Amino acid sequence: MAKLLTLPKKPAIEAVAIGCSAGGLEALRKILNALPATFPAAVIIVAHTAPDGENLLSSLLAKTCQLPVSEAYEREPVLPGQVYVAPPNYHLLIEPNRCFALSVDERVCFVRPAVDVLFYSAADVYRDRLLGVILTGANSDGAQGLKAIKAAGGITLVQDPGEAYADTMPKTAIATGAVDKVLSLAALAIEISEQ
Amino acid sequence: MDDTSIQAIEISLFLEALYQRHGYDFRNYAKASIKRRVLTLAAIHGQTVADLIPRILHDDGFVTEAIAQLSVPVSEMFRDPIVFKTLRETILPLLQTYPRINIWQAGCATGEEIYSLAIILEEEGLLERAQIYATDINDIALRKAEDGIFPVRYLPEYERNYKNAGGKTKLSDYYVANTEFMRLHERLRRKIVFAHHNLVSDGVFCEVQLILCRNVLIYFNNDLQKKVLELFHKSLVRHGFLCLGTRESKRAVEERQLFAAINRNCMIFQKKGGEL
């Protein structure tokens, strides 16, 4: 009898993929700062940044986040409880063996790294164990990728365009009709940290 | 079975057909990127991946275009200027002792980087003694590289990169331009031999002091990457140099004791003494 009463368990999230552009640093800080040191999933970030130089974003985020933050290194495994940032001027992808891959293929939506590229490949690998998030940005990148995450059974969240520094990215994502929840940054932070 | 899994089968069958029919082996490419490229090729032709299979088998003209799309060349002049600056300041002085300097760029795409290197060689007084081989599997890209003609719209970026790479004069000393295109000078072009070479299936074809292979191995799986690193080891003279892309895996290059790092940020390595 006990067996019949068991509810189907929601699969645990293996990875959180986040895309953002203009105004992204502050938004990312708010979300990452809310994640507990025991957060069980990997967090993978694509932010549109200047193409050259060092990965400033990862060092800025590392200052306030409880989880370890680093650039995503080619061929290295995606580990739980770790925050990764795509290197400037490379697309970031996830291989089926759950390792990072980089590419210098053409820009997508005028940008490299592109959120779409990460989201498509992550959706293929993590399927329903992926949470996709679109934050502030003045670009349409990420919308198609978010749709792919939804189609693969993953969860899709978007920052409320009303409070976003730039509302194009959230609005374009919402317009795909593939978004589970539209939330304020504060609510997003809670929603993600409760996974 | 869901659509994604079925598509994975289609892609693998297409790559198998391409290999068995034409000998081009993309089966050991990293999966996520090659999937994107195959899907792009299918989308350009308004077809599914499965529809590409009969075409690659029966339409002889299709293979060149397919290869061009599957090996999308993206390159720029003096990409990562610090690398070219380091090559200029650290590596070229070491090559000066050779009466003849052989250089190989594997995966030259449309040639922007090899012309950048030729410019540095000229500024350091080494171009006359240099023989440069630039190879790729993409014949369409190779033809563009051989022409040395590039759109001028990227010039501001190239000028900036050239300065940051320690450029000694003006980039405009090396090309002629109209409103749309720039063409690199003949004196640079004649020092470079552009040739078809497939890293996956072709062996050693020259012995060189420096190999440039930037952002090519990132598309290969671990086994293929390992094999190509061995090919580079065999193609280098004793103590020869290897320059890879700045974000490529350091671990993969160093773990097998074939190369020692000269400058890890710029991904410049030196062949270690021992044979394989």
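Computed from a predicted structure; not experimentally measured. In the text below, chain A, chain B and the rest are named by the order of the sequence lines, each starting its count at 1.
- The part of A/Leu93 that comes within reach of chain B is its side chain, from C-beta onward, which places non-hydrogen atoms under 4.5 angstrom from that chain.
- Contact count versus chain A (heavy atoms, under 4.5 Å) is highest, among B/Asn222, B/Ile218, B/Thr246, for B/Ile218.
- When all heavy atoms are compared, the tightest approach of A/Pro170 to A/Asp167 is CD-O, 3.3 Å.
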Report the C-alpha separation of B/Glu230 and B/Lys227 in whole Å, then their side-chain angles, then the decisive distance to 0.1 Å, and conclude whether the salt bridge (charged side-chain N to carboxylate O under 4.0 Å, His left out) test is met.
-> CA-CA 5 Å; B/Glu230 284 170 15; B/Lys227 198 182 125 192; over 6 Å; no

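- Of the two parts of B/Gln225, only the side chain, counted from C-beta on, holds a non-hydrogen atom closer than 4.5 Å to a non-hydrogen atom of chain A.
- Heavy-atom distances place both the backbone and the side chain of A/Val117 under 4.5 Å from chain B.
- In this pair, B/Tyr115 and B/Phe194 present their aromatic rings tilted. The plane angle is within the 30 to 60° band.
- Contact annotation for B/Ser75: neither backbone nor side-chain heavy atoms come within less than 4.5 Å of a heavy atom of chain A.
- Looking at A/Arg112, the atoms closer than 4.5 Å to chain B (heavy atoms on both sides) all sit in the side chain, from C-beta outward.
- Not counting sequence neighbours, B/His196 has no partner by the ring pair (Phe, Tyr, Trp, His ring centres under 6.0 Å) test.
- Using a 4.5 Å cut-off between heavy atoms, A/Ser103 touches chain B through backbone and side chain atoms alike.
- In this structure, A/Lys181 places its NZ atom where only 12 or fewer heavy-atom neighbours from other residues, nucleotides or ligands lie under 6.0 Å away.
- With a 4.5 Å cut-off on non-hydrogen atoms, B/Asn265 does not touch chain A at all.
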Residues B/Lys35, A/Asp124; criterion salt bridge (charged side-chain N to carboxylate O under 4.0 Å, His left out); working and verdict = CA-CA 11 Å; B/Lys35 176 181 176 174; A/Asp124 276 354; 2.5 Å; yes

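- For B/Tyr29 and B/Tyr219, the gap between ring centers reaches or exceeds 6.0 Å.
- For A/Tyr73, no part lies near chain B; criterion is any non-hydrogen pair under 4.5 Å.
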